[in-house]
Amino acid sequence: MSQAVLGYLKKEGYFAFYGCIALTLFSIALIFTGHLAGLLMLPVFGALTIIGIRDVRQDKQSIRRNYPILGHIRFFLEFIRPEIRQYFLENDTEAAPFSRNQRSLVYQRAKNVVDKRAFGTQKDVYVAGHDWINHSAVPVEVPESDFRITIGGMDCKQPYEASIFNISAMSFGALSANAVLALNKGAKKGGFAHDTGEGSISKYHKEHGGDLIWEIGSGYFGCRTPEGEFSPERFKENACSPQVKMIEIKLSQGAKPGHGGVLPSAKVTAEIAEARGVSMGQDCVSPAGHKAFSTPVELCQFIGQLRELSGGKPVGFKFCVGHPWEWFAIAKAMMETGIKPDFIVVDGAEGGTGAAPVEFADHVGAPLQEGLMLVHNTLIGLNIREEIRLGASGKIVSAFDIARTMAIGADWCNSARGFMFSLGCIMAQACHTGHCPTGVTTQDPIRQKALVVQDKAERVYNFHANTLHALAELVAAAGLSHPIQLTPHHIVRRVSHNEIRLLSTLFKFSQPGDLLEGRYLTPVFERYWDLARADSFSLSIGF
């Protein structure tokens with residue numbers, strides 16, 4: 001045998017392949033000698049041999065060529081890596097993107113089981129970034145935990161009494177039919193709102209009659225012409241449904257701000273096409289930007305148009321804060337036109353259930369804290385904060401998350417991934433593949449059957465109710481009667497091992513009328529407020 005052949009045979013990666021070939025031949029020999037064991041061995045080792053031959057002959061993956069059969073182990077382990085890491089390797093407080101403790105808390109509250117913990121906190125309370133709420137020496141008794149706020153400004157004819165904790169935007173198509181059914185049924189029972197996401201209102205949103213926030217994205221799904229333009233007639237038809245309580249224009253989202261999306265034609269089912277008002281056999285496109293408006297003034301006019309078409313329902317917009325001058329331009333347009341949104345939802349860059357390019361998920365958009373405070377301070381500086389309600393979304397799952405977010409400016413909070421956990425999501429991070437193991441984010445009819453609507457709807461209701469009950473206890477301990485009374489004076493943050501700061505002293509907060517009187521809170525206001533213009537999203541001069 002030549003040296004080249006000997007060297008080839010000595011490749012350690014081929015041992016399994018050669019072993020399977022040998023055992024296949026041995027199985028055949030056993031069959032010819034009348035041993036039944038050969039009949040059992042041949043299908044197994046014959047199949048492995050075929051796999052090995054295919055591995056050696058393919059030219060796409062070098063691992064499989066150098067390690068036929070064995071190379072598949074590597075790909076299998078990579079496939080189940082998220083589950084292995086979550087269940088066996090990561091510690092309970094490591095958030096990537098949610099810690100095991102965070103997920104367990106949601107599971108416990110959704111299942112209505114004990115959510116208490118013995119033997120003290122697992123958190124390092126001396127690490128920078130640790131937050132807590134100060135309690136009062138005279139705590140009060142909060143008789144109920146169904147905390148609500150009224151959303152609707154002076155031009156709103158049908159204000160909405162909203163829960164302060166609601167389901168954030170997730171579209172049918174991204175979520176399975178059973179997931180939408182369970183979310184909406186839970187929302188109906190608990191009296192809280194279910195945001196449709198930009199995929200519009202499907203028959204599954206309507207079946208149980210839960211309150212809806214209808215999100216209008218750049219694709220104008222549910223209110224579009226065949227060419228993809230905004231259709232006032234189709235909008236009015238959906239918006240006047242009694243189930244639709246608020247209208248939300250999506251300017252951008254935390255998962256991938258400034259990025260559009262495409263649902264390939266192969267994934268556009270008849271049900272998705274019906275809900276979105278698109279044709280079968282064509283890609284379903286969400287452009288990065290809107291066609292119905294191109295300036296801040298036109299955005300305000302669009303808000304006024306939607307409010308009129310909907311019969312005076314609350315209309316607002318959602319965005320992840322990007323260029324500060326663009327937000328300032330919108331604020332100036334509100335003042336110039338006199339048309340103000342009834343609400344604004346600030347989506348943090350740490351939020352998002354949808355699949356996104358890694359660079360967008362990691363490095364585009366302002367985190368919730370900075371975005372929310374910029375919007376809150378701007379509205380205070382213009383003396384219009386009391387006219388506009390602020391919602392917030394971005395990695396909010398616990399009562400303390402809600403308390404901290406409301407303390408720095410939010411009137412209510414939304415959660416997407418928290419309610420996904422309540423449905424049974426195990427954070428497999430396969431949402432965009434169609435292979436969700438729990439049936440939450442798939443259109444596969446077999447996979448989504450695993451999600452039993454009646455059971456999961458009860459869990460959605462329980463998660464909401466138990467979270468607000470915990471919030472009531474936090475608020476009572478702080479000596480307050482409603483979370484809306486929380487302020488930055490109530491929350492403390494450790495900034496180093498030996499220094500702590502109240503958020504009221506750590507951050508800067510506007511005083512009423514600051515911007516109207518030319519008092520600029522931070523360098524961002526100093527640099528860009530005067531350069532922002534109501535008639536354009538661009539700066540009035542160059543940098």
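- Using a 4.5 Å cut-off on side-chain heavy atoms (C-beta onward), Thr225 and Tyr220 make no contact.
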- [ ] With side-chain contact (heavy atoms from CB on, under 4.5 Å) as the test, would you mind laying out the steps for Arg447 and Ser176 before giving the verdict?
- [x] CA-CA 9 Å; Arg447 288 179 178 270; Ser176 69; over 6 Å; no
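- Rounded to the nearest 0.5 Å, atoms CD1 (Ile396) and CD1 (Ile402) are 7.0 Å apart.
- Within the 4.5 Å cutoff, the side chain of Leu181 has heavy atoms near those of the Glu207 side chain.
- Every residue was checked against the salt bridge (charged side-chain N to carboxylate O under 4.0 Å, His left out) condition with Glu237, not counting sequence neighbours, and none meets it.
- Minimum interatomic distance between Gly152 and Pro159 (heavy atoms only, all atoms of both residues): CA-CB, 4.3 Å.
- Screening residues 186-206 for salt bridge (Lys or Arg N to Asp or Glu O under 4.0 Å) gives Lys189-Glu458, Glu198-Lys250, Lys203-Glu271 as the qualifying pairs, with residues at least two apart or on separate chains.
- With Gln243 contributing its side chain and Gly210 its backbone, the two residues share a donor-acceptor pair below 3.5 Å.
- Listed by chain and residue number, nothing satisfies the salt bridge (charged side-chain N to carboxylate O under 4.0 Å, His left out) test with Lys456 (two or more places apart in sequence, or in another chain).
- For Ser163 (side chain) and Phe192 (main-chain N/O), no donor-acceptor pair under 3.5 Å exists by modelled atom type.
- The aromatic ring centres of Phe419 and Phe165 sit less than 6.0 Å apart.
- Residues passing the salt bridge (charged side-chain N to carboxylate O under 4.0 Å, His left out) test with Glu387 are Lys340, sequence neighbours excluded.
- Contact annotation: the side chain of Arg224 approaches that of Val278 to within less than 4.5 Å [non-hydrogen atoms, C-beta and beyond].
- For residues 231-261, every residue pair satisfying the ring pair (Phe, Tyr, Trp, His ring centres under 6.0 Å) rule, not counting sequence neighbours, is listed here: Trp214-Phe235, Phe230-Phe235, His259-Phe360.
- Atom CE in Met406 sits 6.5 Å away from atom CD1 in Ile149 (nearest 0.5 Å).
- Contact check for Ser310 versus Val244: no side-chain heavy atoms found under the 4.5 Å cut-off.
- Under a 3.5 Å cut-off, the side chain of Asp347 and the backbone N or O of Gly254 do form a donor-acceptor pair.
- Ring orientation note: the planes of Phe317 and Phe319 are nearly perpendicular, at an angle over 60° on the 30°/60° scale.
- The line from NE2 of His194 to CG of Asn414 is 11.0 Å long, rounded to the nearest 0.5 Å.
- Side-chain N or O atoms of Ser99 include one that pairs as donor or acceptor with a backbone N or O of Gln102 at under 3.5 Å.
- Annotation for Val142 and Ala476: closest pair CG2-CB, 3.6 Å, computed over non-hydrogen atoms.
- Across every non-hydrogen atom of Ile167 and Ala187, the tightest pair is CD1-CB, 4.2 Å.
- Every residue two or more places apart in sequence or in another chain was checked for a salt bridge (charged side-chain N to carboxylate O under 4.0 Å, His left out) with Glu248, and none qualifies.
- Checked against a 6.0 Å centroid threshold, the rings of Phe293 and Phe537 do not count as neighbours.
- Minimum heavy-atom separation, Pro437 to Ile426: CG-CD1, 3.8 Å.
- Side-chain contact check for Ser398 and Asp401: at least one donor-acceptor pair (N or O, by modelled atom type) lies under 3.5 Å.
- Judged purely by distance below 3.5 Å, without hydrogens or angles, the side chains of Tyr160 and Asp211 pair a donor atom with an acceptor atom.
- The shortest distance between side-chain heavy atoms of Lys245 and Pro314 does not fall below 4.5 Å.
- Rounding to the nearest 0.5 Å places CG of Leu503 at 6.0 Å from CG of Asp131.
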TODO: For side-chain contact (heavy atoms from CB on, under 4.5 Å), just list the numbers for Val345 and Trp412, CA-CA rounded to whole Å, side-chain angles, deciding distance to a tenth of an Å, and then say yes or no.
DONE: CA-CA 9 Å; Val345 176; Trp412 89 88; 3.7 Å; yes
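- When atom types are taken as modelled, the side chain of Glu350 and the backbone of Leu368 share a donor-acceptor pair closer than 3.5 angstrom.
- Looking at heavy atoms from C-beta onward, Thr438 lies out of side-chain contact with Leu423 at the 4.5 angstrom threshold.
- Around atom CD of Glu308, no more than 12 heavy atoms belonging to other residues, nucleotides or ligands sit under 6.0 Å away.
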Task: side-chain contact (heavy atoms from CB on, under 4.5 Å) assessment of Tyr204 paired with Leu175 - done: CA-CA 11 Å; Tyr204 302 111; Leu175 295 185; over 6 Å; no
TODO: Apply side-chain contact (heavy atoms from CB on, under 4.5 Å) to His290 and Ile249, showing your working.
DONE: CA-CA 10 Å; His290 280 262; Ile249 304 166; 3.9 Å; yes
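- Surrounding NE2 of His72 are more than 12 heavy atoms belonging to other residues, nucleotides or ligands, all under 6.0 Å away.
- Summarising the geometry, atom CZ belonging to Phe400 is positioned 14.5 Å from atom OG1 belonging to Thr467; distances are rounded to the nearest 0.5 Å.
- Side chains of Lys157 and Arg307 form no contact here, defined as non-hydrogen atoms less than 4.5 Å apart.
- The backbone N or O of Asp146 lies less than 3.5 Å from a partner atom in the side chain of Glu144, making a donor-acceptor pair.
- Residue Glu386 places its CD atom among 12 or fewer non-hydrogen atoms of other residues, nucleotides or ligands, all under 6.0 Å distant.
- There is no side-chain donor-acceptor pair under 3.5 Å between Asn184 and His208.
- Side-chain atoms of Ser200 come within 3.5 Å of backbone atoms of Phe221 as a donor-acceptor pair (strictly under, hydrogens ignored).
- Side chain of Ser218 to main chain of Pro287: a donor-acceptor pair is present (N/O by atom type, distance under 3.5 Å, no hydrogens or angles).
- Ion pair Asp411/Arg385 flagged as a salt bridge, since at least one NZ, NE, NH1 or NH2 atom sits closer than 4.0 Å to an Asp/Glu carboxylate oxygen.
- Of the residues listed (His464, Lys111, Arg109), the one engaging Arg459 in a side-chain contact (heavy atoms from CB on, under 4.5 Å) is Lys111, and it is the only one.
- The backbone N or O of Ile151 sits nowhere less than 3.5 Å from a side-chain atom of Arg389 that would complete a donor-acceptor pair.
- The nearest pair of heavy atoms linking Ala407 to Pro488 is O-CD, 3.1 Å.
- Summarising the geometry, atom CD1 belonging to Ile330 is positioned 8.0 Å from atom CD1 belonging to Ile303; distances are rounded to the nearest 0.5 Å.
- Looking at every heavy atom in both residues, Leu474 comes nearest to Ala403 through CD1-CB, 4.5 Å.
- No donor-acceptor pair under 3.5 Å is formed between the side chain of Glu298 and the backbone N or O of Ala292.
- Using a 4.5 Å heavy-atom threshold, the side chains of Cys223 and Asn238 count as separate.
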